[in-house]
Amino acid sequence: MSNKLILIDGNSIAYRAFFALPLLNNDKGVYTNAVYGFTTMLLKIIEEEKPTHVLVAFDAGKTTFRHNTYTEYKGGRQKTPSELSEQFPLLRELLDAFQIKHYQLENYEADDIIGTMARIASDDGVQVKVISGDKDLLQLAGDNIEVNLTKKGISEMVVYSKEVIEQEMEITPLQIIDLKALMGDQSDNIPGVRGVGEKTALKLLKQYASVENIYEHLDEITAKKLNENLTTYKEDAFMSKELATINQESPIEITVEDLKYDGYDTNKLSTVFKELGFQSLLNKLDGEVDVEEEVALKEINYEVISELDESIFTGENAFHIEILDENYHTEEMIGASIVNKNGNYYIPIDVLEDSAIFKKWAEDDTKEKYVFDAKKMTVLLRRLGIDLKGVTFDLLLASYLVNPSENNHDIPSISHRFGEKEVKTDEEVYGKGAKKAVPSENVLYEEHIIRKTVMIHLLKQQVEDELIANKQLELLTELELPLALVLGKMEATGVKIDKDRLLTMGSELSERLSVLEEEIQELAGEAFNVNSPKQLGPILFEKLELPVVKKTKTGYSTAADVLEQLEGKHPIIEKLLLYRQLKKLDSTYIAGLLRVIDEDTLKIHTRFNQALTQTGRLSSIDPNLQNIPIRIEEGRKIRQAFIPSEQGWKIFAADYSQIELRVLAHIAKDEKLQQAFKQDKDIHTQTAMDVFHVSEDEVTSNMRRQAKAVNFGIVYGISDYGLSQNLGITRKEAKQFIDRYLESYPAVKEYMKDVVQEAKQDGFVTTIMNRRRYLPDITSRNFNVRSFAERTAMNTPIQGSAADIIKLAMIQLSKQLEESDLQARLLLQVHDELILEVPENELEEVEKLVATTMEQAIELDVPLKVDASYGDTWYDAK
DNA sequence: ATTGGCACGC
DNA sequence: GACGTACGTGCCAATG
């Protein structure tokens with residue numbers, strides 16, 4: 001096999017990566033984006049090219065031999081940002097772990113090292129590939145030498161062989177030097193010939209081939225000004241050529257043999273990846289990481305309890321039950337543990353199940369329990385007939401409140417963030433994917449469960465201290481913790497489903513879908529998978545020659561907004577749109593829901609994720625009951641399958657009217673907006689009046705529609721681009737709308753300005769209940785990244801405060817329902833809406849109770865308003 | 001097993 | 001001068 005040498009322009013690639021990627025940093029606060037980009041590129045190159053030799057060349061120091069020729073060389077360049085320069089040492093460390101040689105040479109640039117090495121290697125018959133982001137390197141392309149330039153970011157490369165260059169630029173690689181000599185180079189501060197740009201330079205080179213030859217035939221050049229310029233700047237031209245020429249005779253002290261690459265050391269590299277926080281790249285490495293490399297944990301003692309005795313409990317106990325998979329409604333419990341001052345105790349589930357002493361302790365409000373995921377523990381114990389009380393700390397919720405943007409809120413990750421290493425990850429203990437299982441040896445998992453519980457016990461104080469420092473302890477103890485119990489109860493209660501209704505709807509849908517599928521294929525003139533955008537694209541845009549509206553990364557976009565623009569151009573379009581809609585209903589809502597119905601009770605039990613969203617909202621999974629269709633009648637009918645669990649009960653729904661805009665009126669203290677809500681005006685009409693400066697009866701439906709979209713934008717923090725997409729107008733018009741809105745509500749404008757300022761100063765924004773969201777991107781130099789952070793700063797207090805308020809209402813409502821001995825039960829929360837099931841004879845009382853509780857959940861400068869309704873199914877509660 | 005495209009809700 | 005644009009969950013197809 002022939003040898004293959006990869007020469008990488010280290011500085012150039014690092015720069016590219018740095019500017020292409022957001023400013024990531026690892027858990028130690030060190031910036032790593034350039035190193036990350038460099039790493040992904042290396043992995044890709046190694047995999048695709050399978051090189052036998054590799055070298056990464058770096059620039060050395062500030063001055064080079066070129067500065068002797070021209071002191072102003074590379075003058076006027078922006079200083080390397082410190083966020084990047086601090087990454088170079090990490091980069092060298094990374095290359096060492098890759099076992100890739102790197103080299104720099106005093107007085108020379110990386111280009112010269114690469115040029116010299118490329119010459120030597122190609123003379124030896126080695127195939128050479130140069131990798132850079134700098135076009136200057138193209139001059140090196142030759143018989144055995146190919147140059148790859150990064151394109152758009154760093155993920156993609158364009159290959160320039162000698163032939164490609166000659167074909168595309170119509171000059172030889174070496175003439176690139178002459179080109180630069182004539183036209184100069186702004187970035188390197190190479191002057192070139194004044195008045196000669198790319199066009200003129202190419203024309204001259206086509207005729208005369210080189211700078212030298214141009215000057216030999218200077219008298220032939222008749223264009224007066226050009227001739228004059230060439231004459232005046234002759235010296236500049238020759239100096240520029242010298243500067244632009246890569247030195248292929250640099251005094252390098254390395255040989256091709258030194259650059260031999262034998263693959264990376266998986267262990268070393270994985271250690272470096274872990275240090276840098278490149279978790280996602282770990283599984284891209286070849287080979288297994290040696291288990292010996294893992295630092296052995298310190299020994300831990302624990303006692304396996306075969307019969308529970310009250311003496312093991314103290315006043316404060318960390319308590320944990322372990323399950324293997326996520327669904328705690330159905331999953332088998334593996335084991336439990338208690339950790340306190342007295343010791344570490346492992347409790348087998350059967351012991352726990354049969355113990356009256358345990359039940360008494362768990363249900364005793366005065367016995368304090370520290371847990372990880374109070375909601376999960378509540379549901380698990382409830383399955384054993386135990387009503388958990390006295391939970392005073394939840395590590396999951398506390399960690400989430402400290403920083404919602406951390407995406408791993410499991411015990412080992414939290415522990416590591418707080419510097420506690422004595423616990424393995426679940427993956428290390430149980431494996432992953434199909435291989436996931438409880439170890440056959442008891443101690444292996446018993447120890448793991450104990451260690452996790454030890455962490456809960458150990459971290460309680462640390463995390464609580466952080467919450468106290470942030471003035472967020474109340475948010476945990478008065479809001480999220482009580483809410484966890486309410487949610488646990490809702491999940492465990494579940495929602496009853498009319499299975500037959502779903503089945504009937506399903507068969508009707510299948511029928512219509514197969515007819516539609518046939519019609520679509522007929523219109524397309526061929527059989528294909530209608531569900532595949534990849535197959536559909538070519539049919540629409542090549543075979544049927546419909547105009548291409550939008551492209552995706554991989555091909556033509558066939559998304560609904562694209563299809564809508566094509567409506568009327570071909571009969572296939574409307575059928576496709578309908579097919580997509582119905583397919584969604586069938587697969588996600590009919591088949592999806594049927595799959596998760598409990599066979600015995602005909603109920604479904606969702607799980608609310610209370611520690612996920614960046615704004616403080618809940619999310620719902622398995623199934624997601626927060627996105628059941630409502631907008632289109634056909635989909636809305638799915639709601640007919642959601643029924644009360646008992647005869648003679650009703651489904652009851654209560655939703656906040658415009659809670660986000662009311663919150664905005666409150667926190668921005670906008671007189672005009674507050675007035676509108678105090679007078680219970682139609683807010684979109686009011687906005688239209690204020691934005692378009694018209695009276696109420698002059699507001700057209702179109703004006704109201706546009707005002708509604710602007711309000712939508714305010715609530716969700718969308719950009720002018722997003723608004724333009726929603727309204728089908730230009731970005732400029734959208735921006736005008738937003739500006740006019742802000743002129744109409746000056747206090748809102750002021751608030752938006754202040755909250756961005758606050759985020760810049762503090763690094764985070766807060767909600768009414770002092771929930772935080774950190775926004776490190778707010779200082780980004782990248783316009784888009786920064787703009788996004790700014791919109792987030794404006795939007796999160798609004799959406800997050802609304803989330804706080806409904807959470808408060810849920811806690812209060814749940815308490816009231818209990819105290820008043822009503823049977824009505826909370827079932828679901830859909831962001832601004834609560835769904836209950838209610839006995840017929842309680843309807844009147846519940847209606848009053850729910851409305852007042854929600855409206856009085858918190859006192860704002862504007863009233864909160866709730867609309868409520870009920871019916872025999874969720875569909876009818878409208 | 002993971003990714004990309006698409007569609008549903010607020 | 002170009003970036004890529006509210007947040008979630010889940011389905012299907014295509015790919016490694």
Side-chain angles (χ1 to χ4, degrees), chain A residues 19-22 47 152-153 280 283-284 404 432-435 528-537 550-563 576-577 579-593 595-596 606-609 612-632 634-636 638-639 655-656 658-660 712-726 731 734 773 777 780-792 794-796 798-800 802-803 806 828-833:
Chain A
F19 287 108
L21 299 174
E47 190 188 315
K152 217 167 80 172
S280 60
N283 50 17
K284 295 200 170 169
K432 66 168 177 176
K435 281 182 284 186
F528 71 104
N529 187 342
V530 184
N531 294 319
S532 163
K534 203 187 159 185
Q535 292 180 36
L536 178 62
K550 198 165 72 176
K551 289 201 143 204
T552 66
K553 262 185 250 179
T554 52
Y556 306 105
S557 169
T558 66
D561 62 318
V562 171
L563 296 185
L576 275 170
L577 282 165
Y579 179 89
R580 283 257 177 87
Q581 250 177 37
L582 300 186
K583 182 75 192 174
K584 175 75 178 175
L585 292 181
D586 190 35
S587 64
T588 304
Y589 298 107
I590 305 285
L593 288 176
R595 215 175 301 141
V596 292
T606 184
R607 297 192 318 278
F608 290 105
N609 197 334
L612 183 129
T613 70
Q614 303 304 301
T615 54
R617 276 186 171 188
L618 302 174
S619 77
S620 155
I621 53 165
D622 204 16
N624 181 352
L625 293 184
Q626 292 183 318
N627 73 342
I628 303 300
I630 189 165
R631 238 182 66 245
I632 292 163
E634 264 172 317
R636 190 173 195 156
I638 300 280
R639 295 178 174 225
D655 70 293
Y656 279 112
Q658 301 297 344
I659 186 167
E660 283 97 350
F712 177 86
I714 298 291
V715 167
Y716 289 115
I718 61 172
S719 58
D720 50 3
Y721 173 85
L723 181 63
S724 75
Q725 293 292 301
N726 282 345
R731 198 170 152 159
R773 181 173 188 179
D777 289 345
S780 169
R781 296 176 313 285
N782 181 310
F783 174 80
N784 289 301
V785 172
R786 189 177 63 247
S787 303
F788 184 44
E790 287 172 358
R791 294 202 304 277
T792 309
M794 300 184 243
N795 158 255
T796 297
I798 302 171
Q799 215 190 97
I806 195 165
L828 298 172
Q829 187 250 46
V830 192
H831 308 308
D832 64 351
E833 182 184 17

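First the proteins, then the strands, lettered A, B, ... as listed; each starts at 1.
Under a 3.5 Å cut-off, the side chain of A:Ser787 and the backbone N or O of A:Glu790 do not form any donor-acceptor pair. Side-chain N or O atoms of A:Gln535 include none that pairs as donor or acceptor with a backbone N or O of A:Val530 at under 3.5 Å. Proximity of a side-chain donor or acceptor of A:Arg731 to a complementary backbone N or O of A:Asp720 within less than 3.5 Å is not detected. The backbone N or O of A:Leu625 sits less than 3.5 Å from a side-chain atom of A:Ser620, completing a donor-acceptor pair. Listed for the A:Asn795 side chain is a donor-acceptor partner under 3.5 Å among the backbone atoms of A:Val715. Using a distance-only test at 3.5 Å, with no hydrogens or angles considered, a donor-acceptor pair links the side chain of A:Arg791 to the main chain of A:Gly717.
Of the inter-residue distances, the one linking A:Leu585 atom CG with A:Ile632 atom CD1 reads 8.5 Å to the nearest 0.5 angstrom. Of the inter-residue distances, the one linking A:His831 atom NE2 with A:Ile806 atom CD1 reads 9.5 Å to the nearest 0.5 angstrom.
Residue A:Asn531 places no side-chain atom within donor-acceptor reach of the base of C:dC12, judged by atom type and a 3.5 Å distance cut-off alone. In the interface, the side chain of A:Arg631 is not paired with the base of B:dC8 through any donor and acceptor atom under 3.5 Å apart.
In this structure, of C:dA14, C:dA6, C:dG10, it is C:dG10 that holds the atom nearest to the side chain of A:Asn624. Residue A:Asn529 has its side chain nearest to C:dA13 when only C:dA13, B:dA7, B:dC8 are considered. Among C:dC11, B:dG5, C:dA13, the nucleotide with an atom closest to any side-chain atom of A:Thr552 is B:dG5. In this structure, the nucleotide among B:dG5, C:dG8, B:dC10 sitting nearest to the side chain of A:Gln614 is C:dG8. Between C:dT5, B:dC10, C:dT9, one nucleotide has an atom nearer to the side chain of A:Ser719 than all others, and that is C:dT5. Among the nucleotides C:dC11, B:dC6, B:dG4, the one closest to any side-chain atom of A:Arg595 is C:dC11. Of the listed nucleotides (B:dA7, C:dC7, C:dG10), B:dA7 has the atom at the smallest distance from the side chain of A:Ala559. The listed nucleotides are C:dG10, B:dG4, C:dA13; the one nearest the side chain of A:Gln535 is C:dA13. Taking every side-chain heavy atom of A:Lys584 into account, C:dG10 is the closest of B:dA1, C:dT9, C:dG10. When distances are taken from the side chain of A:Arg731 to each of C:dA14, C:dT5, C:dG8, the shortest belongs to C:dT5.
Atom pair A:Phe528:CZ and C:dA14:P shows a separation of 11 Å (rounding to whole Å applied). What separates CG of A:Asp586 from P of B:dA7 is a distance of 16 Å, to the nearest Å. Taking atom CZ of A:Phe608 as the reference point, atom P of B:dC10 lies 14 Å away to the nearest angstrom. Here the C1' atom of nucleotide B:dC6 and the CG atom of A:Leu576 are 13 Å apart, to the nearest Å. Between A:Tyr656 atom OH and B:dC10 atom P the separation is 17 Å, expressed in whole Å. To the nearest angstrom, P of C:dC11 lies 16 Å from OH of A:Tyr579. Rounded to whole Å, the distance from CZ on A:Arg617 to C1' on B:dG9 is 9 Å. Spacing between atom CD1 of A:Ile590 and atom P of B:dA7 amounts to 18 Å, rounded to whole angstrom units.
For the pair A:Gly717 and A:Ile621, both in contact range of DNA chain C, the more 5′-proximal nearest nucleotide belongs to A:Gly717.
Note on A:Thr792: nothing from the nucleic acid sits closer than 4.0 angstrom, heavy atoms only. Using a 4.0 Å heavy-atom distance criterion, A:Ala434 is classed as a sugar-phosphate-only contact. Contacts of A:Ser557 with the nucleic acid, taken as non-hydrogen atoms under 4.0 Å apart, involve only primed sugar atoms and P, OP1 or OP2. Base engagement by A:Tyr721 is indicated by at least one non-hydrogen atom pair under 4.0 Å involving a base atom. Counting any heavy atom pair closer than 4.0 Å across all strands shown, A:Glu660 reaches no nucleic acid atom. At a threshold of 4.0 angstrom between heavy atoms, the contacts of A:Asp622 are confined to the sugar-phosphate backbone, with no base atom among them. A:Leu585 comes within 4.0 angstrom of no nucleic acid atom, judged by non-hydrogen atoms across all strands. Counting non-hydrogen atoms under 4.0 angstrom, A:Asn784 reaches a base of the nucleic acid.
For the pair A:Lys550 and A:Tyr556, the cation does not sit on the ring face, since its NZ or CZ is not both under 6.0 Å from the ring centre and inside 45° of the axis.
Using a 4.0 Å cut-off, no side-chain N or O of A:Thr613 falls inside it from OP1 or OP2 of C:dG8. Look at A:Thr558 and you'll find a side-chain N or O under 4.0 angstrom from OP1 or OP2 of B:dC6. Of the side-chain N and O atoms in A:Ser532, none sit less than 4.0 angstrom from OP1 or OP2 of C:dC12. The phosphate of C:dA6 (OP1 or OP2) has a side-chain N or O of A:Arg791 nearer than 4.0 angstrom. Residue A:Lys534 places at least one side-chain N or O closer than 4.0 Å to OP1 or OP2 of C:dT15. In this model, the phosphate group of B:dA7 is approached by a side-chain N or O of A:Arg580 to a distance below 4.0 Å at OP1 or OP2.
Comparing the P positions of C:dA6 and B:dT3 gives an interatomic distance of 22 Å, to the nearest angstrom. Here the separation of C:dA2 from B:dA7, taken at their P atoms, is 29 Å to the nearest Å. Separation of the C1' atoms belonging to C:dG4 and B:dC10 is 23 Å when rounded to the nearest angstrom. As rounded to the nearest Å, C:dC3 and B:dC6 have C1' atoms that lie 24 Å from one another.
The base-pairing partner of B:dG9, taking Watson-Crick or G-U wobble contacts with both distances under 3.5 Å, is C:dC7. When Watson-Crick and G-U wobble pairs are counted only if both distances are under 3.5 Å, B:dA1 pairs with C:dT15.
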